[in-house]
Amino acid sequence: MKLRYETKQEYEVIIIDEERIDAHNSGDLKEALLHKIEQGNTQLIVHLAQVRFIDSSGLGALLAAYKKINAGHGKLILVHVQAQVLAMFELTRLTQVFDIYAELDDVLAHHG
Amino acid sequence: MKLRYETKQEYEVIIIDEERIDAHNSGDLKEALLHKIEQGNTQLIVHLAQVRFIDSSGLGALLAAYKKINAGHGKLILVHVQAQVLAMFELTRLTQVFDIYAELDDVLAHHG
Amino acid sequence: MGIPVFQVDVIIPTQTRYLRLIGHIGERIANELDTYTGDKVQLAYDLNLVLTEATANAIKHAKTDSPKETVRILIQIEENELIIKVFDHGQGFDLKNVEPLDFANPQETGMGLFFIKTYMDSVRYTMTPEVNILEISKKLQ
Amino acid sequence: MGIPVFQVDVIIPTQTRYLRLIGHIGERIANELDTYTGDKVQLAYDLNLVLTEATANAIKHAKTDSPKETVRILIQIEENELIIKVFDHGQGFDLKNVEPLDFANPQETGMGLFFIKTYMDSVRYTMTPEVNILEISKKLQ
Ligand SMILES: Nc1ncnc2c1ncn2[C@@H]1O[C@H](COP(=O)(O)OP(=O)(O)O)[C@@H](O)[C@H]1O
Ligand SMILES: Nc1ncnc2c1ncn2[C@@H]1O[C@H](COP(=O)(O)OP(=O)(O)O)[C@@H](O)[C@H]1O
């Protein structure tokens with residue numbers, strides 16, 4: 001799984017550089033997110049602009065990270081979620097779990 | 001087959017608005033080109049920027065138009081041929097038959 | 001049974017790296033379904049997803065992880081219906097025992113069959129001594 | 001015969017509108033051929049082309065244009081070889097009698113088999129009373 005990392009204010013941004021998240025690479029994603037949390041990051045932003053497709057295991061990976069970071073009173077925020085991917089968050093009502101913003105700047109303005 | 005037409009100086013430009021030319025739409029292409037020639041156009045430019053893929057029937061359609069226009073001492077020029085499509089003209093040595101230019105402007109500057 | 005129009009029959013090893021091939025074939029098939037009156041871009045996504053989920057389950061629950069172990073995915077298009085059959089050689093399961101999603105208490109697993117049921121019209125799982133078949137269908141009008 | 005890795009088996013009506021589905025499946029398969037050491041983007045184009053040409057011929061020379069008439073395209077991937085078989089129900093032909101391209105005097109037809117022969121390693125056509133098979137293969141190393 002191709003991931004890139006950037007630090008913006010208090011946030012650690014994880015940019016997913018893949019068109020597709022499925023059971024083949026969702027394990028890597030989960031591991032990378034959990035690793036960031038274990039390193040002490042409490043404010044994660046996952047940047048999904050490249051992601052055209054996500055399956056249930058991909059949602060599961062994000063949810064696992066959310067649960068871990070939430071237990072430590074941190075935050076996991078999603079940005080740039082494409083319409084068809086967003087529809088899957090809506091269908092599973094995971095829109096009620098994750099903070100979802102259109103743009104990275106919206107997060108920085110809001111929380112900054 | 002989606003085609004668009006533009007007139008530039010003495011040239012009639014046929015813009016192919018399809019990613020793929022194969023036996024399903026090459027008949028339409030051939031008909032459209034022959035029709036333009038029958039209408040009296042002697043300077044045709046076929047604009048292939050959108051075309052990612054062409055098969056033997058597509059090459060055949062262009063060749064049929066070339067033969068007809070050439071018999072009447074007209075010209076058939078190809079512009080914006082993508083690399084993989086160009087490789088097929090090279091393999092069949094049709095590069096020796098067609099005038100191929102990178103840009104429309106190159107044709108206009110050269111012949112204009 | 002309707003009139004068959006076309007079919008795609010794929011056999012892959014039980015490896016998740018082939019999921020994207022299966023998903024992409026599903027997307028491409030959606031583009032050819034001219035009798036479908038709904039949103040074809042959405043249908044392409046849904047078939048990609050449903051095929052990915054069903055195949056991932058067959059891979060996950062395969063009996064062995066021998067490189068010779070395979071999953072077969074059969075996609076049949078009839079005039080008014082699309083039928084997907086995924087054949088697995090695992091221990092099988094009972095669809096009736098699959099818990100519905102608990103929206104109030106989201107879990108990391110168990111969403112695959114939920115998506116399949118949501119996007120498609122019918123789902124059936126049949127076990128035989130030789131092979132198990134997940135059969136999914138969607139009306140195309 | 002090598003070790004089979006995966007296969008895609010497609011049945012379509014004898015209609016040119018399905019050529020793009022076949023071609024796209026070929027492109028997608030190229031993406032999964034990790035043992036291929038050459039240019040995979042080019043291989044994707046070549047498989048698209050070869051499958052399109054072979055299937056177009058089978059459609060063109062089908063015995064009837066009944067909507068029930070079909071063409072079967074079988075793509076088998078082995079560890080070191082890719083094998084395409086296209087089954088047609090037409091009158092058949094003899095590969096030996098196909099004229100080579102006359103570069104000095106280009107013709108509108110006859111380029112299909114030339115592309116197939118150029119991009120692939122071997123081509124064979126077998127006729128039986130039931131079905132004719134064009135078998136094409138390419139080494140994957
Ligand atoms: N092919 C299969 N073979 C055996 N069990 C299966 C199969 N498909 C699904 N299941 C069972 O159904 C449950 C729900 O599947 P699913 O909704 O896809 O979620 P997940 O795979 O994330 O658990 C699985 O946990 C498993 O017990
Ligand atoms: N499946 C087939 N059945 C019968 N004849 C065929 C078949 N494929 C090819 N041929 C013969 O071989 C010739 C050359 O085929 P090809 O190179 O594809 O060019 P084209 O189809 O443009 O003529 C055809 O004209 C035809 O006579």
Nearest 0.5 Å please: distance from the [atom1] atom of [X] over to the [atom2] atom of [Y].
X     : Y      : atom1 : atom2 : value
D:L51 : D:H24  : CG    : NE2   : 12.0 Å
B:H24 : B:R20  : NE2   : CZ    : 10.5 Å
B:S56 : B:I21  : OG    : CD1   : 12.0 Å
D:E99 : D:T109 : CD    : OG1   : 11.0 Å

Q | Toward chain D: residues of residues 80-92 of chain B with heavy atoms under 4.5 Å | A |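 When heavy atoms of chain D are the reference, residues 80-92 of chain B contributes B:Q84, B:V85, B:M88, B:L91, B:T92 within the under-4.5 Å range.
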
Q) Most heavy-atom pairs under 4.5 angstrom with chain D, which of B:K30, B:K67, B:Q96? A)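 Highest number of pairs under 4.5 Å: B:K67.
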
Q | Electrostatic pair D:R124-D:E135, nearest N-O below 4.0 angstrom | A |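 Answer for the salt bridge query: yes.
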
Q. Under a 4.0 Å N-O cut-off, is there an ion pair linking D:K139 with D:D121?
A.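 Result for this pair is no, no salt bridge flagged.
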
Q. Which one of D:E53, D:R20, D:K60, D:E108 has the most heavy-atom pairs closer than 4.5 Å to chain B?
A.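 Answer, by heavy-atom pair count under 4.5 Å with chain B: D:E108.
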
Q. Using a cut-off of under 4.5 Å for heavy-atom pairs, which of D:A56, D:G110, D:G23, D:P106 has the most such pairs with chain B?
A.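 Greatest number of close heavy-atom pairs with chain B: D:P106.
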
Non-hydrogen atoms of chain B under 4.5 Å away: do they reach the side chain of [X], the backbone, both or neither?
X      : answer
D:T118 : side chain
D:F114 : side chain
D:L101 : side chain

Q: Hey, can you tell me if D:Y45 and B:F53 have their rings parallel, tilted or perpendicular (30° and 60° cut-offs)?
A: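 Aromatic pair D:Y45/B:F53 classed tilted.
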
Q. Think D:K138 forms a cation-pi with D:Y119, using NZ or CZ under 6.0 Å from the six-ring centre and within 45 degrees of its axis?
A.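 Not satisfied by the 6.0 Å and 45° rule.
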
Q) For B:I54, is it the side chain, the backbone, both or neither that has a heavy atom under 4.5 Å from a heavy atom of chain D? A)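 It is both, since atoms from each part get that close.
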
(Q) Quick check on side chain to side chain contact (heavy atoms under 4.5 Å, CB included): which of B:V46, B:L3, B:L44, B:L76 does B:K36 satisfy it with? (A)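 Of the listed options, the one satisfying the test is B:L44.
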
